[in-house]
Amino acid sequence: MLSIVKRDVLNLLVNPALNLYGTLFPVLLITAMGVLNQSMFATDIISSYDYYTVTLLVFIMFNMAVISTNSFMEVSIKQANLRIGYAPIKRYQIYGSKIMATFLFSLLSMGIALVFMRVIFSVNFGIDVLWLVLVLSAGSLFASSLGVMTVILLKHEESANQLLGIILIVFALMGGVFFSPYAIGETFGNLSVVSPFRWVIESAFLALYDECYQVLFKTVGVLVLLSGLCLMVCQKCFKLEAYL
Amino acid sequence: MKTLLSVRNLKKSYGDIKALKGISFDVYEKEVLCFLGPNGAGKSTTINILSSILTKDEGEITYEGQSFEKNLSTYKASLGIVPQDLAIYEEISALNNVKFYASLYGLKGEALEAAALNALDNVGLLSVKHRKPKTFSGGMKRRLNIACGVAHQPKVIIFDEPTVGIDPQSRHYILNYIKALKDQGVTVIYTSHYMEEVEDISTRILIIDHGEILTEGTKEDLKKMLGDTDKFTIDIEANGSVNTQPFYRIDGVKGVEVSDNRLMFDVVRGVDCLDKIIAEMIDQHIKLSNLNKEKATLERVFLHLTGHALRG
Ligand SMILES: Nc1ncnc2c1ncn2[C@@H]1O[C@H](COP(=O)(O)OP(=O)(O)OP(=O)(O)O)[C@@H](O)[C@H]1O
Ligand SMILES: [Mg+2]
């Protein structure tokens, strides 16, 4: 299993598009949003960089769903991935390693962004950045599992990416990644409680700045539970012939 | 001959397409068993089921007398698969490709390195082992595809059309490698629609078309189906004055037919009588413009069995 995970992580890193998405893109996105919205946060205790580092990292972590679909079935590695299935290994090792690889990739991506924002923009992570890391990790674990599960259910990488793309952007808008959902309207704002983006963002802010950890634990718990659910669906539905 | 694999009444459909209509065959130890069949015959479907990545609809497969699903890990460990579609990582070196796949079979450390180098050597890629496949020619990629499937030194190796669309040099490497495997006592299952290859390497042939096995046997067995004569076709300049009687007196000539500007002879295989036929033609002042011997080829066997050509 370890060698497959290692292979899958390297496959993500040698793919130039995915590599940029994981390394440069988060930093640029956070910086851009931070600069553009600086004035809005002028009177607040937290700066626009503080705010967007959290919300956009949540966005990036959930978008790891699309990375895991690539890791699993991207055309240029699909056949090579299928070949793993000829070997005497367990079925779960094939999809499990893709989830694991995407998860590790997201940790790397998160690490780069956090260090960069801290060093360059002296972002203040409140009480302890580890709370943020914890809840973001749970988010990316869920996203990685969700991505792989979606490909298994839809059987095609492209259709999985299209579906996930729509869901992610809707939840991101609802969840207040870019602006408060209440800016659109009261009803939309209330509806937005269904967005996992909102749970993670709120629980992160509560833990980082208000020393309130209960919501964070709950969120992490729910995300881990949902990840487990995805894994169960994967194990039930994954057949090697999906690769044919 | 020990039976390694035994397949009975294997069926597989994709929706309405019946890809396999209940085929049965055995694979014996140390043989080179070739599946000869045109596009869409069901070769890859058979291979994919044998390699356990595709589930069958019906039928039984036993390996060394046991249902292959029962001891799936042992079964898979004794197989080496070379799939029809290239299954290699373009972005990592040839050596790392081979090492990665061999490592899935439990090879480690020096044994892994040695096995990978040996496999690359066998397909003539040792000198480019550090290059990435994306810089390779099509034939080199095909050879790497082979090395990745065989480095763990399996007992049975399955090749699915490994020579499709490649340069003569690569084809040469591949066919020689298969002959070497035969000499080493490895059991080989090989699919192809190139009859020359199959004639060259097979110890036994299964002819498959439209999901059915039409016949099986050695190439000699199969050619016997065409009868024991060869056909000569001789184009001539005019056929006004051909007397066929004298030709029948020549030893080996079984039949003579005259049609417009053409003489056709049925000649017992192995009897050398062409020179006498030509001598008789000269006697009769028949001017010869072209001579053609239709050999007993697998192509003709296929045509004979199906009524259509193997290619195109
Ligand atoms: N995934 C699939 N879905 C639908 N039909 C399929 C699928 N795979 C194969 N077929 C059909 O099943 C039949 C057998 O195909 P198969 O690939 O086994 O043939 P083959 O002998 O390997 O041919 P080729 O020489 O083209 O590789 C064909 O009619 C093919 O179109
Ligand atoms: Mg095929």
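Labels below follow one simple rule: chain letters A, B, ... track the order of the sequence lines, proteins then strands, and each chain is numbered from 1. Please read these numbers as outputs of a predicted model, since none were measured by experiment.
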When you scan chain A against chain B, which donor-acceptor pairs turn up at less than 3.5 Å?
from	atom 1	to	atom 2	distance (Å)
A80(A)	O	Y101(B)	OH	2.7
N81(A)	OD1	Y89(B)	OH	2.6
R83(A)	NH1	A87(B)	O	2.8
R83(A)	NH1	N145(B)	O	3.4
R83(A)	NH1	N145(B)	OD1	2.9
R83(A)	NH2	I81(B)	O	3.1
R83(A)	NH2	N145(B)	O	2.7
G85(A)	O	K76(B)	NZ	2.9
E241(A)	N	I53(B)	O	3.2
E241(A)	OE1	T55(B)	N	3.0
E241(A)	OE1	T55(B)	OG1	2.7

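Using modelled atom types, one finds no donor on one side chain facing an acceptor on the other under 3.5 Å when comparing S48(A) with N37(A).
Looking at L86(B), only its backbone comes within 4.5 Å of chain A, counting heavy atoms on both sides. For a residue to count as touching a neighbouring chain, one of its non-hydrogen atoms must lie under 4.5 Å from one of that chain's; by this rule I4(A) touches chain B with backbone and side chain alike. Both the backbone and the side chain of L104(B) have a heavy atom closer than 4.5 Å to some heavy atom of chain A.
S203(A) contributes a side-chain N or O that, together with a main-chain N or O of W199(A), makes up a donor-acceptor pair within less than 3.5 Å. Between the side chain of Y49(A) and the backbone N or O of R118(A), no donor-acceptor pair lies under 3.5 Å.
Looking at L244(A) and I53(B), their side chains come closer than 4.5 Å, going by heavy atoms from C-beta outward. A heavy-atom distance below 4.5 Å is found between the side chains of F72(A) and F238(A). W131(A) is not listed as a side-chain neighbour of F125(A), based on a closest heavy-atom distance of 4.5 Å or more. The shortest distance between side-chain heavy atoms of F116(A) and T31(A) falls below 4.5 Å. Within the 4.5 Å cutoff, the side chain of L57(A) has no heavy atoms near those of the Y52(A) side chain.
Shortest non-hydrogen contact noted between F68(B) and I49(B) is CE1-O, 3.9 Å.
For residues 137-151 of chain A, the pairs satisfying side-chain hydrogen bond (donor to acceptor under 3.5 Å, both in side chains) are S106(A)-S140(A), with sequence neighbours left out.
Identified by a heavy-atom distance below 4.5 Å to chain B, contributing residues of residues 225-237 of chain A are lacking entirely.
Shown here are the side chain to side chain donor-acceptor pair (under 3.5 Å) partners of D50(A), two or more places apart in sequence or in another chain: S47(A).
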